[in-house]
Amino acid sequence: MIARASQLFLPTLRDAPADAEALSHKLLVRGGFIRQVSAGLWTFLPLGWRVHRRVEQIIREEMDAIGGQEFLCPVLTPIELWQATGRDKIPELFHLRDRNSRAYILPITHEETFTFHAREIRSYRELPQLWYHFQVKDRDEPRPRGALLRLREFIMKDAYSFDRDEEGALASFEKNLAAYHRIFDRCGVEAHAVQAESGIMGGKLTMDFLAPSGSGENTLVRCERGDYAADAEIARGIPRAPEFPSRLDKPEEVETPGVVTCEALAEFLGVDLAATSKAMPVTKEDGSVVLALLRGDDRLAESKLLSALGSDSRPSTDEEIRAAFGAGGGSLGPVGFAGEVLADETLREGQFVAGANRDGYHLRGVEAARDYQPRFADIREPREGDRCPECGGRLVFQTAIEVGHIFNFGDKYSSGLEASFLDEDGVEKPLLGGSYGIGPARVMAAIVEQRGDEQGILWPASISPYDAHVIVLAGAEEIAAQAAEALSSTGRSVLLDDRDARAGEKFADADLIGVPLRITAGKKSLEDGLVDVRDRETGEERRVAPDEVAG
RNA sequence: CGGGACGUAGCGCAGCCUGGUUAGCGCGCCUGCUUUGGGAGCAGGAGGCCGGGAGUUCGAAUCUCCCCGUCCCGACCA
C-alpha cells in the first residue's frame, strides 16, 4: 500500500497550539494526528486513526489469543440497567432522554450491558467466558486535560470475564494480566503493573498499568532494583530512622508557647523533625473522631486513611477538636485521648514529642503501647528518599499515565442484574466477574510521551502509521516510486512524500510524524541509482538500491 | 465546584492601559518567476461579526456589566 502525501489530509503544523502543555498533546496536534473539537473531545485525523487501529489490532490479537470473543455493545443504554446495579448515581454519567422521555445514559464502562448478556449463561458447563469490545465511553469529566491524556469521550477496549468460582475468576484475572503485559510489550510502551486503590471493598485483585511519562495524573513509585512498584497513593516507603533524644521513663510535659507546627516544635526543642509526631484528627461518617497520628516529617495519605478506616472521613472541625481533646490544633496528641488512635507504622518504635492536649504544651518521650494504645496502619505518603519495603533499595518516583486497569468485581453486577447459573452441585449461583480495560488513545499518548522529543515522535514499528516514509526530492520521482513499490510489494505500508515542497520541510515533517524507517531519493540517487535508508531510532543511514530497500 | 489565565485571520502573537483613519506582524495559504539533500528569494494577492450580548460615548478590539468558550492548578475520578 502506497499513500501519496500530496493527496492525504495531513495537516502538520510548525508551531504547537499555545494551550498545549503535554508533549504528546503538542506533537500529536503538530503531526496532524488529532484535532480538538471541544474540551475533552478530539477527532482522530487519518494518521492518528491509523495508529489507534494498530494499537487496537494488537489488543485484539492478544485478547483472542486468551480466548476472548469480540462483541459490539451499544453506547446508548437504558438507565434501568444501571439502576439495577446502583451505578445510575455516578456524577460522571451523561444522561439523556428519547422523544418519549425514556431515560438513557451514556456508559462510562459496560459492566451492566455485558452482565445483561451474561444472563443467558445457564450452566457451569458454559463457563468460563471472556467477552470484549472496543467501544466509545463517555464521561462527564470535571476536568478533561492534556488532549488524549484525559478525554470526555474515548474508545476503550473493555473485556469482561465470567466464572463459576473464585478459583476460576483468579485464573481469568491472571490470563488477562499476562495478556496485558504482552500487549504493552508489543506496543512498545513501558507500563508497570501495580496494585491499584487501597481496596476499601477488600478487592485484592485490582491492578493498574502505569506508563511513566512527562505528563500524567498518577505517580508511579518503583524500586530501582525492580522488585517493587506501586501507585504513590498506596505505595509503601521506608523513611529514614529518626534521631531520638535520650529515653524517658514517662512522658514529660514541656511548655511550648506559640508553637503549632511540627517544624516549629522541632526547632524550638532542638529535636529531629522525624522524632516529633503530627496529630490529624478526622471525623468519620458516623460522627466519631479518630486521631490519625504521623511522624512530624510525614504527610497523610488520604487513600490509605480511607482504607484503614473503612469509611470516608474529613478533617475535624475546631469545635469537634476542642470537644474531643480539650485543646486546639497545634497541641494535640494521643496521650489521654479517649477515641481511636490510628498511628502510622513509623511510630511503633521510639519516643516522640507529641501534643499534650493542653494549649501551649507538648509531651516529650511519648511511646506507643506504653503511653497510648494505637491501632497501627500504613497511612503516610511515601516520598523521595524512602527505601523499598521489599529490599531496602532506593525508590524512584515518576509521573505516569494509567493505560490499563484490571480487576475482579465478584458478584457486584451479577447480583443486581440477576445473572446466575446452575452449578454442578445443582445450586443457583451468581456469576463471578472480572473487568479489563485499556485505552488505546492513552497508549498512543504514553508512547509519544516516552519516545517523543522536540523534533517529533518516534513510533515503534508495531504501531507506526506507516511502515516506511519515502521522501521524494526533485527529479528522483522514478527512483522513489521504485523504492516505494519494492516496500509495498512485501506487504509494507508506505507514506510517499511526493508533495511539491522543499527538502527541509519534508525532512522536518518526517521527523515530526515519526515513521521509524525513512527512505530518501534525491539528486544523489540520480547519480548512483541508490537511495538513503535511515533508521530514525539509531540514526543509522546506508545507501541501498531501490529494489532492495525491503530487504 | 474553588483559584488563576486567556479568547484579535488556519497557527503563533501585537494593538487594549491612555477610545478616534481602511485592525497589524510572523508563519501558513493562492498566483507568477527564480530556487531546490534539513522549514528558500522576489513580486503580487486572498483571508477578520477583534468569542457573544447589553451598556457608556459623537465614536468601542480598546471602558463597564453579564454570558459563553478554552487552558492551567486544586477538589473530584467508575
Side-chain angles (χ1 to χ4, degrees), chain A residues 9 11-22 25-26 29-32 35-42 82 85-94 105-112 137-147 149-152 154 156 158 160 196-197 200-201 203 206 208 215-218 231 233 302-303 306 312 314-315 402 405-407 409 412-413 435-437 439 454-456 471-477 479-480 497 499-512 518-528 530-532 534 539 541 543:
Chain A
F9 182 61
T12 56
L13 299 173
R14 194 181 293 223
D15 302 309
D19 54 22
E21 297 270 322
H25 183 174
K26 291 179 186 168
V29 171
R30 282 188 55 209
R35 283 294 185 269
Q36 182 167 27
V37 173
S38 177
L41 299 178
W42 289 74
W82 285 59
T85 60
R87 289 215 299 171
D88 58 314
K89 302 296 184 227
I90 290 172
E92 281 76 22
L93 275 186
F94 279 105
I105 57 96
L106 301 177
I108 56 176
T109 58
H110 277 80
E111 277 85 356
E112 280 79 357
K137 311 296 172 210
D138 286 277
R139 299 181 183 186
D140 192 357
E141 292 288 351
R143 184 146 105 82
R145 67 189 98 183
L149 295 181
R150 192 171 196 75
L151 292 160
R152 289 202 294 173
F154 60 97
M156 177 188 269
D158 41 327
Y160 302 91
E197 298 158 24
I200 186 168
M201 301 305 192
T206 167
D208 276 334
S215 302
E217 303 182 317
N218 298 74
D231 189 296
E233 285 193 7
E302 285 175 33
S303 64
L306 172 67
D312 268 322
R314 55 167 173 80
E402 182 187 335
H405 183 196
I406 62 178
F407 61 100
F409 55 73
K412 180 172 172 193
Y413 298 94
S435 175
Y436 315 91
E454 281 308 306
Q455 303 309 310
I471 289 182
V472 191
L473 299 180
E477 289 80 5
I479 297 171
D497 192 349
R499 294 173 304 168
D500 180 20
R502 303 181 64 79
E505 285 178 67
K506 294 190 180 189
F507 288 136
D509 273 354
D511 290 342
L512 180 58
R518 189 184 84 186
I519 287 115
T520 308
K523 191 160 57 180
K524 285 189 280 176
S525 311
L526 296 177
E527 290 160 11
D528 62 7
L530 304 178
V531 295
D532 286 318
R534 181 186 166 89
E541 196 161 305
R543 288 189 71 73

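Chain A is the first sequence line, chain B the second, and so forth, proteins listed ahead of strands; every chain is numbered from 1. All of these numbers come straight from a predicted model, not from anything done at the bench. Values below: all heavy atoms of this structure, side chains included; hydrogens, waters and symmetry mates excluded.
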Spacing of the [atom1] atoms in [M] and [N] (rounded, Å):
N	M	atom1	answer
rA5(B)	rG51(B)	C1'	16 Å
rC50(B)	rC6(B)	C1'	14 Å
rG47(B)	rC42(B)	C1'	22 Å
rA60(B)	rG20(B)	C1'	10 Å
rC76(B)	rC11(B)	P	35 Å
rA40(B)	rA23(B)	C1'	30 Å
rU21(B)	rG3(B)	C1'	43 Å
rU62(B)	rC72(B)	C1'	27 Å

With a 3.5 Å limit on both atom pairs, tell me what [N] is paired to, counting Watson-Crick and G-U wobble, or say none.
N	value
rC6(B)	rG69(B)
rG44(B)	rC30(B)
rC63(B)	rG55(B)
rC1(B)	rG74(B)
rG12(B)	rC25(B)

Partners meeting ring-ring contact (aromatic ring centres under 6.0 Å, His included) with [X] (sequence neighbours left out):
X	answer
Phe409(A)	Tyr413(A)
Phe407(A)	His405(A)
Trp42(A)	His25(A)

Does the salt bridge (charged side-chain N to carboxylate O under 4.0 Å, His left out) test come out yes or no for Glu111(A) and Lys412(A), once each step is laid out? CA-CA 10 Å; Glu111(A) 277 85 356; Lys412(A) 180 172 172 193; over 6 Å; no

Can you check the [X] [atom1] to [N] [atom2] distance for me, whole Å?
X	N	atom1	atom2	answer
Asp140(A)	rC1(B)	CG	C1'	13 Å
Asp15(A)	rA9(B)	CG	P	15 Å
Leu13(A)	rC13(B)	CG	P	13 Å
Glu302(A)	rA75(B)	CD	C1'	10 Å

Modelled atom types, side-chain donor and acceptor of Asp509(A) and Thr12(A), under 3.5 Å: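 There is such a pair (donor and acceptor under 3.5 Å, judged by atom type) between the side chains of Asp509(A) and Thr12(A).
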
Show your reasoning for whether salt bridge (charged side-chain N to carboxylate O under 4.0 Å, His left out) applies to Asp158(A) and Lys137(A). CA-CA 10 Å; Asp158(A) 41 327; Lys137(A) 311 296 172 210; 2.8 Å; yes

Does the salt bridge (charged side-chain N to carboxylate O under 4.0 Å, His left out) test come out yes or no for Arg534(A) and Asp532(A), once each step is laid out? CA-CA 6 Å; Arg534(A) 181 186 166 89; Asp532(A) 286 318; over 6 Å; no

With B for base contact, S for sugar-phosphate-only contact and - for none (protein heavy atoms under 4.0 Å), nucleotides 67-72 of chain B reads ---SSB

Could you encode protein contacts along nucleotides 33-38 of chain B as a string, one character per nucleotide from 5' to 3', using B for base contact, S for sugar-phosphate-only contact and - for no contact, with a heavy-atom cut-off of under 4.0 Å? --B-BB

Does Ser38(A) have any side chain to side chain donor-acceptor pair (under 3.5 Å) partners at least two apart in sequence or in another chain, and if so, which?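 Applying side chain to side chain donor-acceptor pair (under 3.5 Å) to Ser38(A) gives none.
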
Counting the atoms with a prime plus P, OP1 and OP2 as sugar-phosphate, which does Pro11(A) contact under 4.0 Å by heavy atoms, base, sugar-phosphate, or nothing?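 It contacts nothing in the nucleic acid.
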
Any salt bridge linking Asp528(A) with Arg543(A)? Criterion: basic side-chain nitrogen under 4.0 Å from a carboxylate oxygen.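 So Asp528(A) pairs with Arg543(A) through a salt bridge.
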
In sequence, state the C-alpha distance, the side-chain angles, and the governing distance for Arg145(A) and Glu217(A), and then conclude on salt bridge (charged side-chain N to carboxylate O under 4.0 Å, His left out). CA-CA 10 Å; Arg145(A) 67 189 98 183; Glu217(A) 303 182 317; 2.7 Å; yes

